[in-house]
Amino acid sequence: NKSFMDHNYTLISRYALEISPAFGQYALCNGYPPTCVGGDPRLVGRKTPSSVGDGESRCAAENPLGFWFSLPKGGRCEGQRRPGKD
C-alpha cells in the first residue's frame with residue numbers, strides 16, 4: 001500500500017500550451033492511469049502549489065511559486081480550433 005507521496009518519479013516534463021483564460025476548479029489527479037478528485041469536466045483547472053496565497057488563486061495574475069494546472073479531456077479543442085471563453 002503506497003501513499004500518494006511515494007511515486008519515485010525520475011522524469012520531468014515541460015509543455016507549452018494555449019489555454020482559455022476562463023479557469024475552472026483544479027482537479028487533484030494521482031496515479032497511472034490517473035484517478036481525479038474534483039475539477040471541472042471542460043475548463044482547465046488552476047491553483048497555487050500547496051494552496052499558497054489567497055484561496056486557490058485561480059484568478060491571480062502571478063504567484064511566486066507558479067501554478068499547477070489540471071487538463072480535462074473534455075476541454076481539448078478539435079482540429080484547428082483555438083481555446084476561448086466559450
Side-chain angles (χ1 to χ4, degrees):
N1 184 14
K2 292 185 174 198
S3 76
F4 69 94
M5 298 296 258
D6 185 25
H7 292 301
N8 195 23
Y9 294 130
T10 58
L11 300 174
I12 296 175
S13 299
R14 183 175 179 173
Y15 298 92
L17 303 173
E18 183 177 0
I19 58 176
S20 165
F23 294 108
Q25 180 187 23
Y26 178 80
L28 178 61
C29 301
N30 287 303
Y32 297 95
T35 301
C36 298
V37 177
D40 188 281
R42 187 179 66 84
L43 296 175
V44 170
R46 175 176 134 160
K47 72 174 268 171
T48 58
S50 303
S51 298
V52 172
D54 183 24
E56 290 183 352
S57 297
R58 270 197 299 262
C59 301
E62 27 182 280
N63 184 286
L65 297 177
F67 295 95
W68 289 346
F69 296 91
S70 58
L71 307 168
K73 279 186 181 180
R76 185 174 185 173
C77 295
E78 296 294 326
Q80 298 297 317
R81 293 188 60 197
R82 298 186 67 185
K85 289 186 178 182
D86 59 337

To the nearest 0.5 Å, how far apart are CZ in Phe69 and OH in Tyr15?
->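 One finds 14.5 Å between CZ of Phe69 and OH of Tyr15.
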[X] versus [Y], closest heavy-atom pair with distance:
X: Arg82; Y: Cys77; result: C-SG, 3.8 Å
X: Ala27; Y: Gly39; result: CB-CA, 3.6 Å
X: Pro72; Y: Val44; result: CD-CA, 4.1 Å

Only one of Trp68, Phe67, Tyr26 passes side-chain contact (heavy atoms from CB on, under 4.5 Å) with Arg46; say which it is.
->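 Answer to the side-chain contact (heavy atoms from CB on, under 4.5 Å) test with Arg46 among Trp68, Phe67, Tyr26: Phe67.
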